[in-house]
Amino acid sequence: MTAIDPYAIRTQFPILDQEVNGKPLVYLDNAATSQNPISVIEASQDYYRNYNSNIHRGAHKLARLATEAHEAARLSIASHIGAQSPDEVIFTSGTTDGINLVSQTLTLSGKVTSEHNVVISGLEHHSNIVPWQMLCQATGAELRVIPVLDNGTLDTTSFEGLIDDKTAIVAVNHISNALGTINPIEQIITLAKSHGAYVLIDGAQSVPHCAVNVQALGCDFFAFSGHKTYGPTGIGILWGKREVLEMLPPWKGGGEMIKEVTFEKTTYNDLPFKYEAGTPNIEGGIALAKALEWMREVGVANIANHEAALLHYTTPQLLDIDGVRIIGNSDHKAGVISFVIDDVHHYDLGTLIDQMGVATRTGHHCCQPLMARFGITGTTRASFAAYNTTEDCDQFIIAVKKAVMMLR
């Protein structure tokens, strides 16, 4: 079917070898959180078993080992996303944390005023809406929203009319978590930069599914999370251009982000430590690097092709079920199917198919404005990963059909 063998891959994911309610687990909630291969689990265990220690500040052996592993992870992650330097790679707790870092440091910088505007899109996750609302409330700037067309794609023609020389920043996702739409971010970045605006890309859904080179994209900031990239929760990355990160003020104060502290004055550390106050998630950073290494070994393009094949295999079977309507029908989609069924509530459907061992996500997917755009309260969402098989898809379809019969 594709260049990878999902059955061989599944053997590396021990969590998948279990039953739920007496049925083999079919895990299709990967857009929320993907599972961890053994290599990632072992990397976490190895840290806590053998060299758990605080980093950068200790003279003893364990501190040196932990520091070396943590900074080697930063270097590996920088290489994975095409960063010019590991100093541009900031460890965060996740995509949300990274976006808040940018929005709040821009607010503190004084470079955004009531004369400016901020452009986001109607496809955004709440974490790429609320921080910009907060910035606008604090500065008086205007929030502008790129409309969403009926097929779940962005109205790029309207975008051209929204951006101007007073646009401070454009913040959009690479791939919609709710619909799977792959946005034309190259086009968006080019137009934004022609007006002198900063650009932030929410890459939470793209790094797990496609190759990303931040230098080639030309954006100023790029954020993503570990737990969607076969890595642990509580860890993420914010990449930023060195000159922009150096221009912005520190965000959180504390240890590590300083060079010298007196009661009269504090001088701040160099990148990336300027934005890494306190003890970081050391194990998380090491395990995240291992997860991205695992993806490279499998082949990022191979994973994307496999997920696309599962999407094309499943979509027509789902549409054969009476009353099914897929929300988001872009010609360019990641491995996500978000759908509603006439006279069936998404929560009831998700609960019933869970009883049959099938894990999906139901609700508004932290995209309430997007759901309102389509006149719905939420969807059922199935999302694929490297370890999913056509048998998973078959069991998903069987479960949905059974649930629909029970609910009507």
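All values below come from the heavy atoms of this structure, side chains included, with hydrogens, waters and symmetry mates left out.
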TODO: Determine, stepwise, if the pair Ile99 / Trp132 fulfils side-chain contact (heavy atoms from CB on, under 4.5 Å).
DONE: CA-CA 9 Å; Ile99 295 171; Trp132 306 114; 3.9 Å; yes
TODO: Kindly state each residue pair satisfying salt bridge (Lys or Arg N to Asp or Glu O under 4.0 Å) with at least one member in residues 80-106, sequence neighbours excluded.
DONE: Asp87-Arg242, Asp97-Lys252
Open item on the list: Does His195 have more than 12 heavy atoms from other residues, nucleotides or ligands lying within 6.0 Å of its NE2?
Closed with: yes
- [ ] Using ring pair (Phe, Tyr, Trp, His ring centres under 6.0 Å) as the criterion, list what pairs up with Trp251, not counting sequence neighbours.
- [x] none
Open item on the list: Using a 6.0 Å cut-off, check whether atom CG of Asp320 has over 12 heavy atoms from anything other than its own residue.
Closed with: yes
TODO: Of all the heavy-atom pairs spanning Lys193 and Val199, show the shortest one and how long it is.
DONE: CD-CG2, 3.9 Å
Open item on the list: Could you tell me if Tyr230 and Asn30 have a donor-acceptor pair between their side chains, going purely by distance under 3.5 Å?
Closed with: no
Task: Other residues, nucleotides, ligands: >12 heavy atoms within 6.0 Å of Arg325 CZ - done: no
- [ ] May I ask you to say whether Arg373 pairs ionically with Asp150, meaning some side-chain N is under 4.0 Å from a carboxylate O?
- [x] yes
- [ ] Determine which pairs satisfy salt bridge (Lys or Arg N to Asp or Glu O under 4.0 Å) with at least one residue from residues 106-134, sequence neighbours left out, and list them in order.
- [x] Glu115-Lys166
Task: Nearest heavy atoms of Leu311 and Ala334, plus distance in Å - done: CD2-O, 3.5 Å
Open item on the list: Donor-acceptor check, side chain of Lys241 to backbone of Leu245, threshold 3.5 angstrom: yes or no?
Closed with: no
- [ ] May I ask you to check whether His116 and Thr113 show a side-chain donor-acceptor distance below 3.5 Å?
- [x] yes
Open item on the list: Is the distance between the ring centroids of His174 and Phe224 under 6.0 Å?
Closed with: no
Open item on the list: Tell me every residue that passes ring pair (Phe, Tyr, Trp, His ring centres under 6.0 Å) with His364, counting only those two or more places apart in sequence or in another chain.
Closed with: His126
Task: Pair listing, salt bridge (Lys or Arg N to Asp or Glu O under 4.0 Å) test, anchored in residues 285-294, at least two apart - done: Lys290-Glu293
Task: Neighbour count >12 (heavy atoms, 6.0 Å) for atom CE, Met134 - done: no
- [ ] If the plane angle is over 60° it's perpendicular, under 30° parallel, otherwise tilted; pick one for Tyr27 and Tyr387.
- [x] tilted
Open item on the list: Taking the side chain as everything from C-beta on, heavy atoms only, tell me whether Glu160 gets closer than 4.5 Å to Gln187.
Closed with: yes
Task: Exercise: do Thr153 and Thr181 side chains pair donor with acceptor under 3.5 Å - done: no
- [ ] Check whether any side-chain heavy atom of Lys265 lies under 4.5 Å from a side-chain heavy atom of Thr262, and answer yes or no.
- [x] yes
Task: Residue Lys23 excluded, over 12 heavy atoms near NZ under 6.0 Å - done: no
Task: Shortest non-hydrogen contact from Ala138 toward Thr107 - done: CB-CG2, 3.8 Å
Open item on the list: Measuring only between side-chain heavy atoms, which start at C-beta, is Asp220 closer than 4.5 Å to Leu200?
Closed with: no
Task: Test item: Asn21 side-chain N/O and Gly357 main-chain N/O as donor-acceptor pair under 3.5 Å - done: no
Task: Under 3.5 Å: donor-acceptor pair, side chain of Thr267, backbone of Glu260 - done: yes
Task: Main-chain N/O of Asn302 paired to His306 side chain as donor or acceptor, under 3.5 Å - done: no
Task: Heavy atoms of other groups near Asn151 CG, more than 12 under 6.0 Å - done: yes
Open item on the list: What I'd like to find out is whether the side chain of Thr279 reaches to under 4.5 Å of the side chain of Glu256, using heavy atoms alone.
Closed with: no
TODO: Give a yes or no on whether a salt bridge exists between Asp342 and Arg408, defined as a side-chain N under 4.0 angstrom from a carboxylate O.
DONE: no
TODO: Keeping the roles fixed (side chain from Asn183, backbone from Asn173), state whether a donor-acceptor pair exists under 3.5 Å.
DONE: yes
- [ ] Mark yes or no for whether Asp354, through its side chain, and Gly350, through its backbone, hold a donor-acceptor pair below 3.5 Å.
- [x] no
Task: Close aromatic pair by centroid cut-off 6.0 Å: Phe13 and Trp294 - done: yes
Open item on the list: Tell me if a side-chain donor or acceptor on Thr156 pairs with a main-chain N or O of Phe159 at a distance below 3.5 Å.
Closed with: no
Open item on the list: Donor-acceptor pair, distance only, cut-off 3.5 Å: does the side chain of Lys228 make one with the backbone of Pro208?
Closed with: no
Task: pair Ser121-Val148: side-chain heavy atoms closer than 4.5 Å - done: no
- [ ] Give a yes or no answer on whether the side chain of Thr167 reaches the backbone of Ile169 with a donor-acceptor pair at less than 3.5 Å.
- [x] no
- [ ] Using atom types as modelled and distance alone, determine if a side-chain donor or acceptor of Arg296 lies under 3.5 Å from a backbone N or O of His80.
- [x] no
- [ ] Report the C-alpha separation of Glu283 and Asn281 in whole Å, then their side-chain angles, then the decisive distance to 0.1 Å, and conclude whether the side-chain contact (heavy atoms from CB on, under 4.5 Å) test is met.
- [x] CA-CA 6 Å; Glu283 165 268 325; Asn281 182 352; 3.7 Å; yes
- [ ] Determine whether Cys219 and Trp239 make a side-chain contact, defined as any pair of heavy atoms from C-beta on separated by less than 4.5 Å.
- [x] yes
Task: Crowding at CG, Asp17 (>12 non-hydrogen neighbours, <6.0 Å) - done: no
TODO: Report the C-alpha separation of Met295 and Leu292 in whole Å, then their side-chain angles, then the decisive distance to 0.1 Å, and conclude whether the side-chain contact (heavy atoms from CB on, under 4.5 Å) test is met.
DONE: CA-CA 5 Å; Met295 288 184 63; Leu292 297 179; 4.2 Å; yes
TODO: Sequence neighbours left out, what passes ring pair (Phe, Tyr, Trp, His ring centres under 6.0 Å) with Tyr47? Give chain and number order.
DONE: Tyr51
Task: pair Thr377-His345: side-chain heavy atoms closer than 4.5 Å - done: yes
Task: Heavy-atom pair with the smallest gap, counting every atom of Gly122 and Leu154 - done: N-CD2, 4.4 Å
Open item on the list: Could you walk me through whether Phe374 and Ser338 satisfy the side-chain contact (heavy atoms from CB on, under 4.5 Å) test, starting with their C-alpha distance in whole Å, then the side-chain angles of each, then the deciding distance to 0.1 Å, before giving a yes or no?
Closed with: CA-CA 12 Å; Phe374 287 98; Ser338 195; over 6 Å; no
Open item on the list: Using a strict threshold of under 4.0 Å (side-chain N to carboxylate O), is an ion pair present between Glu391 and Arg10?
Closed with: no
Open item on the list: Is any side-chain heavy atom of Phe396 closer than 4.5 Å to one of Asn388?
Closed with: no
